[in-house]
Colleague: 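For reference, the structure I am asking about is given below.
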Amino acid sequence: INSFKEVNECIVYQNNRGGIGVDVILESKYSSFSKQEFLNRSLESLPQFQMPNEVNFVKKIEKSISEKLIRRKKKDNV
């Protein structure tokens, strides 16, 4: 996913439903890139078992003091 030209940075995680979630920071010139376009690109590039079922476009991804990505399970808003 990081190799997509539209993606600046991303983090992949397991969500609470046992699926794959991804938070994506888009390159500024691709700000109109939609979730459906993202999923279509993913279908072309990823095997089915790696396909995310939750996609979030975010402005910032949480990092530790040492600049490592913080991977946490997302809480559902149920």
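Small disclaimer: the values here were computed from a predicted structure and weren't measured.
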Colleague: So if you build clusters from Ile, Leu, Val, Met, Phe, Trp, Tyr with side-chain heavy-atom gaps below 4.5 Å, do Val24 and Val12 land together?
Modeller: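 Yes, Val24 and Val12 fall within the same hydrophobic cluster.
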
Colleague: Considering residues at least two apart in sequence or located in another chain, which fulfil the side-chain hydrogen bond (donor to acceptor under 3.5 Å, both in side chains) criterion with Lys35?
Modeller: none

Colleague: Please round to the nearest 0.5 Å and tell me the distance separating atom CD1 of Ile11 and atom CG of Leu69.
Modeller: 4.5 Å

Colleague: Quick one: pull up CG in Asn15 and CD1 in Ile20 and give me the separation to the nearest 0.5 Å.
Modeller: 8.5 Å

Colleague: Could you measure the distance from the CG atom of Leu39 to the CG atom of Leu46? Nearest 0.5 Å is fine.
Modeller: 10.0 Å

Colleague: With the 4.5 Å side-chain cut-off for hydrophobic clustering, are Tyr13 and Met51 part of the same group?
Modeller: no

Colleague: If I take atom NZ from residue Lys5 and atom CZ from residue Arg41, how far apart are they, to the nearest 0.5 angstrom?
Modeller: 6.5 Å

Colleague: Residues in side-chain hydrogen bond (donor to acceptor under 3.5 Å, both in side chains) with Ser64, at least two apart?
Modeller: Ser66

Colleague: Is there a path of hydrophobic side-chain contacts, each under 4.5 Å between heavy atoms, that joins Val58 and Val55?
Modeller: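 In one cluster: no.
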
Colleague: What residues form a salt bridge (charged side-chain N to carboxylate O under 4.0 Å, His left out) with Glu37, not counting sequence neighbours?
Modeller: none

Colleague: Nearest 0.5 Å, what's the CD1-CD distance between Ile1 and Glu9?
Modeller: 13.0 Å

Colleague: Mind checking salt bridge (charged side-chain N to carboxylate O under 4.0 Å, His left out) for Glu27 and listing every partner two or more places apart, or none if nothing turns up?
Modeller: none

Colleague: Report the C-alpha distance between Asn2 and Cys10 in whole Å, list the side-chain angles of each, state the deciding distance to 0.1 Å, and finish with yes or no for side chain to side chain contact (heavy atoms under 4.5 Å, CB included).
Modeller: CA-CA 6 Å; Asn2 274 326; Cys10 75; 3.4 Å; yes

Colleague: Under 3.5 Å, is there a donor-acceptor pair linking the side chains of Gln36 and Asn40?
Modeller: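 There is such a pair between these side chains.
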
Colleague: In Å, rounded to the nearest 0.5 Å, how long is the span from CG of Asp23 to CZ of Phe57?
Modeller: 10.5 Å

Colleague: Using the test ring pair (Phe, Tyr, Trp, His ring centres under 6.0 Å), find all partners of Phe4 that sit at least two apart in sequence or belong to another chain.
Modeller: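 Per chain and number, Phe4 pairs via ring pair (Phe, Tyr, Trp, His ring centres under 6.0 Å) with Phe38.
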
Colleague: Gln50: what forms a side-chain hydrogen bond (donor to acceptor under 3.5 Å, both in side chains) with it, not counting sequence neighbours?
Modeller: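 Listed in chain order: nothing, the list is empty.
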
